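Below is one structure, written out as structure tokens, with a few remarks after it.
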Amino acid sequence: MAALSVPTHMKAWVYHEFGNTADVLKLDTNYPVPEINENQVLVKVVAASLNPIDYKRIHGALKALNYLPPSIPGYDVAGVVVKVGSEVKKFKVGDEVYGDINHKALDKPKNVGTLAEYTATEDKVLALKPKNLSFLEAASLPLAMETAYEGLERAGLSAGKSIIVLGGAGGVGAHVIQLAKNVFGASKIAATASTSKQDLLRSLGADQPIDYTKESFEDLPEKFDVVYDAVGQADKAIKAMKEGGHLVSIAAPVAGFPDAFFLLTSDAVMLEKLNPYLESGKVKPIIDPKSPFPFSDTLKAFAYLETSRATGKIVVYPIP
């Protein structure tokens, strides 16, 4: 199939300077559609989900590492391929795909992200959308699920080992629990969340839900083979770890544990590996009840994300 008709300009949420999201992120109705190179595809965005790294970039917290505006936020995408580069063999026009468009989270992330009508990215970071998932559901998955999986691999979680997940109801934490149980075969899973989210932790597969408003996980007599810190409580996390155990942190580097902190390397291989678990329903998208936010309400979606109170992922859908 030949490339579909693509306009030269599009609607996109753009910031031209760093600052508070509500002040600097503006809807541009005439932003240039990105060009693709030989190993890229152009995707008509149907849905996009938000991640904390999006607003950290808008705020300028990562400007020392590049990211000069103008920029369109957004890492996660689900959509339809409308144009393919000359070297691309993996996809054809019309394929329904999803992925995290930035191979390395902080190594020259794209200035044209996914909060736009179109985005361009390399074929190696995209996979075919699981048949049983909607675009909305698929868009919620890539960065969070891949981060969860890479962290568990780095920690060496395997059958028979125990794990505690700090922030089990968040975007990444919800996937850590599901993957630990259904993919890695953990023998025991503990997880922390607030009072109202204890039932969710159980439904995800946590054997020991912990209400952090009532109980200090670091004071539990039982210690764990793996501690996955998705919230940034390294000092407490260390106290929950068995001697010889492994700590994973996605929030910040941890003194004395140089291998604990990592940034995701986005790769379609991970998505393809997990596809059977998604299509069988063993791993499910977890989307905040306030989602989806329509494209016009993207600022409201960011305001909610920045409260750090979301359950699972926040998705913008439909994108015009």
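Since we're looking at a predicted model, the values are computed, not measured.
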More than 12 foreign heavy atoms under 6.0 Å from [atom1] of [X]: is that the case here?
X: K236; atom1: NZ; answer: no
X: K89; atom1: NZ; answer: yes
X: K223; atom1: NZ; answer: yes
X: K181; atom1: NZ; answer: no

Consider only side-chain N and O atoms of [X] and [Y], and report whether a donor and an acceptor are under 3.5 Å apart.
X: K188; Y: Q208; result: yes
X: E306; Y: T21; result: yes
X: T195; Y: T213; result: yes

Next item on the list: Look only at the side chain of S71 and the backbone of P73, and say whether a donor-acceptor pair between them is shorter than 3.5 Å.
Entry: no
Checklist line | same_hphob_cluster(V183, L264) at 4.5 Å side-chain heavy-atom cutoff | finding: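 Cluster IDs for V183 and L264 match.
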Notebook entry, point to check: Do L141 and M270 share a hydrophobic cluster (ILVMFWY, side-chain heavy atoms under 4.5 Å, transitive)?
Noted result: yes
Note to self: Looking at every heavy atom in both S162 and S187, which two are closest together, and how far apart are they?
What the structure shows: N-OG, 3.8 Å
Margin query: Using a 6.0 Å distance limit plus a 45 degree cone around the ring axis, check whether K290 lies over the aromatic ring of Y304.
Written below: yes
Margin query: Tell me whether K300 forms a cation-pi arrangement with F293, defined as NZ or CZ under 6.0 Å from the six-membered ring centre and within 45 degrees of its axis.
Written below: no
Check: Is the closest side-chain heavy-atom distance between L106 and I53 below 4.5 Å?
Finding: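 A side-chain contact exists here, since the closest heavy-atom pair is under 4.5 Å.
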Does a side-chain N-to-carboxylate-O contact under 4.0 Å join [X] and [Y]?
X: K110; Y: E122; answer: yes
X: K313; Y: D76; answer: yes
X: K242; Y: D225; answer: yes
X: K129; Y: E96; answer: yes

Notebook entry, point to check: After noting the C-alpha distance and the side-chain angles of D28 and K11, does the key distance pass the side-chain contact (heavy atoms from CB on, under 4.5 Å) rule?
Noted result: CA-CA 6 Å; D28 187 331; K11 294 175 185 172; over 6 Å; no
Atom [atom1] of [X] and atom [atom2] of [Y]: how far apart are they, to the nearest 0.5 Å?
X: N111; Y: I72; atom1: CG; atom2: CD1; answer: 8.5 Å
X: L126; Y: E272; atom1: CG; atom2: CD; answer: 10.0 Å
X: Y149; Y: L271; atom1: OH; atom2: CG; answer: 11.0 Å
X: M10; Y: Y118; atom1: CE; atom2: OH; answer: 9.5 Å
X: H175; Y: S140; atom1: NE2; atom2: OG; answer: 5.5 Å
X: T298; Y: I319; atom1: OG1; atom2: CD1; answer: 7.0 Å

Margin query: side-chain contact (heavy atoms from CB on, under 4.5 Å), that's the test. Do I210 and F217 meet it? Break it down for me.
Written below: CA-CA 7 Å; I210 298 168; F217 69 85; 4.1 Å; yes
Margin query: As a quick check of understanding, evaluate side-chain contact (heavy atoms from CB on, under 4.5 Å) for M145 and L278, giving each step before the final call.
Written below: CA-CA 11 Å; M145 186 174 69; L278 293 166; 3.9 Å; yes
Check: How are the rings of F262 and Y228 set relative to one another: parallel (under 30°), tilted (30 to 60°) or perpendicular (over 60°)?
Finding: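 Aromatic pair F262/Y228 classed perpendicular.
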